[in-house]
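Counting convention: from 1, in listed order, for ligands and their atoms alike. Values below: every heavy atom of this structure, side chains too, minus hydrogens, waters and symmetry copies.
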Amino acid sequence: MTLVDTDTQTLPSMDALVIRGGARLNGTVRVSGAKNAALPLMAATILAPGEHVLENCPSLMDTRTMARVLEYLGAKVRFEDHVCRIDTSPVRSSEAPYELVKTMRASIYVLGPLLARFGEVRVSLPGGCAWGPRPVDLHIKAMEKLGAEVSIESGYIVARSPRGLTGCHFPFEFVSVGATGNLLMAAVLARGETVIENAALEPDITQLAEYLFQLGSEIEGIGTSTLRVRGVDKLSPGRVRIVPDRIEAATFVAAGAIAGGPLRVEGVKLEDCEAAVRKIEATGAQITVEGDAITVDRHERPRAVDVTTAPFPGFATDMQAQVMALLSIADGTSKITDTIYHDRFTHVPELVRLGADIRLDGNSAIIRGVDKLSGCPVMATDLRASAALVLAALVAKGETRISRIYHLDRGYERLDEKLAAAGAQITRIRE
Ligand code: EPU
């Protein structure tokens, strides 16, 4: 393993957080680079042999896992002070093994770039995830539509296109962030034109398309739901600054709304998280926007609101759990419907342990606001569920101990330290 890591964050796998609820947040937190933008950008470096520089790269378990995948393929990866340098000239292998892919579904992002560069690829099927099935059929269909022969062999997606890929017309029946990214990355080196309809509009995909454009791809319609790609023979490496993490930003806004502020959240790209921020504002939180900073405060009990998740620019499924924590102490009954993942509710039983009154009805959660939550031991079950438990613990009376916090460390950079610096009573312990 050649991964050089001089970042200070340690990532112990069995830590717990102990949070004493009741402290208002009073201070400033800064948003890190976006995990979900960093991961496809890291994969995209495969397309252009040479050294790529990714600035503002978040120091997370997931970005380290992607670095390991790239290293396995032969790349040289150096991670230093939030700058990730990836040299993809030495990449020779086109196989992403189960041992790495099983730890992070987003490893599937190497499918398109490897197929485009080498004409063949073997990527392990990612398997299920914490809250249920997350198929990859659209990724496979997209590669087939570009002319690849795809089969599933011993748990691996095996795709071959010995004579190269050919542009295609691909209308997505529903929005998929990852499949849009994979198709786009494969199409930039395909022969002829590819038209992607109903492409994901998520800022992560827009940044990916912009980076591919910078590397020499011919892409029209960036930032819209129709992407037109004219394949080129070769791309050159580049440098990019990763956008601020919209989910981390909105999680902090939710933290200020649940615990009370004033909490200043700096380094926010509001247009990337506006639906969540406005929904939090609708609960009665005071939101003040000044340049790239949002100050959030709350003086009254939150009001109940209804939430329905949707693809960007709608309310992100990745914010559903955190807003559920806020609504669990609201005055009135709220309903959260997740239209993206119908069973993404593993946080519900844990919030209920803290005293929340939540009932599931299909892909909706009915949240009857309670006066107060009470601290107790709970278990993190996935990334956003963990964040929801942290937020709930900030207002729960007494002490909450959240175990299995490695889920949180996958996608939030030092969330506990950032909140502690803003006044939260939060400590990390070894279990
Ligand atoms: N889907 C299929 N077939 C596919 C691909 C997706 O049926 O081949 C379905 C999914 O099961 C889901 C819907 O399509 O119902 C949308 O999934 P999408 O492909 O958009 O999700 P993803 O690319 O796998 C990314 C984020 C997730 C986020 C979703 C939705 C990354 C690395 N992951 O996943 O982020 O929830 O988009 O916005 O970008 C997180 O950060 O906590 C996280 C889970």
Does Val175 come within less than 4.0 Å of ligand 1, judged by its heavy atoms?
yes
Determine, using heavy atoms of Asp204 and all atoms of ligand 1, whether some pair is separated by less than 4.0 Å.
no
Please state whether Phe312 comes within less than 4.0 angstrom of ligand 1, counting heavy atoms only.
no
Pair Lys335, Thr308: side-chain N/O donor-acceptor within cut-off below 3.5 Å
no
Excluding sequence neighbours, so at least two apart, what forms side-chain hydrogen bond (donor to acceptor under 3.5 Å, both in side chains) with Asp62?
Arg410
Looking only at the side chains, is there a donor atom on one of His347 and Gln322 sitting less than 3.5 Å from an acceptor on the other?
no
Where ligand 1 meets Val136 - atom numbers and elements under 4.0 angstrom, heavy-atom basis
4 (C), 8 (O)
Under 4.0 Å from a heavy atom of Thr317: which atoms of ligand 1 are those, numbered in the order shown and with their elements?
30 (C), 36 (O), 38 (O)
Using heavy atoms and a 4.0 Å limit, tell me yes or no: is Pro135 in contact with ligand 1?
yes
Regarding Arg344 and Thr317, do their side chains bring together a donor and an acceptor under 3.5 Å, going by distance alone?
yes
With atoms numbered from 1 as shown, which atoms in ligand 1 lie under 4.0 angstrom from a non-hydrogen atom of Leu383?
42 (O)
State if Arg344 counts as touching ligand 1 under the rule of any non-hydrogen atom under 4.0 Å.
yes
Asp15: which of Arg401, Arg430, Arg414 passes salt bridge (charged side-chain N to carboxylate O under 4.0 Å, His left out):
Arg430
Give me each pair satisfying side chain to side chain donor-acceptor pair (under 3.5 Å) with a member in residues 137-149, each pair once, sequence neighbours excluded.
His139-Asn182
Taking only non-hydrogen atoms of Lys35 and a 4.0 Å limit, the atoms of ligand 1 in range are 40 (C), 41 (O)
Of all the heavy-atom pairs spanning Arg353 and Cys376, show the shortest one and how long it is.
O-SG, 3.4 Å
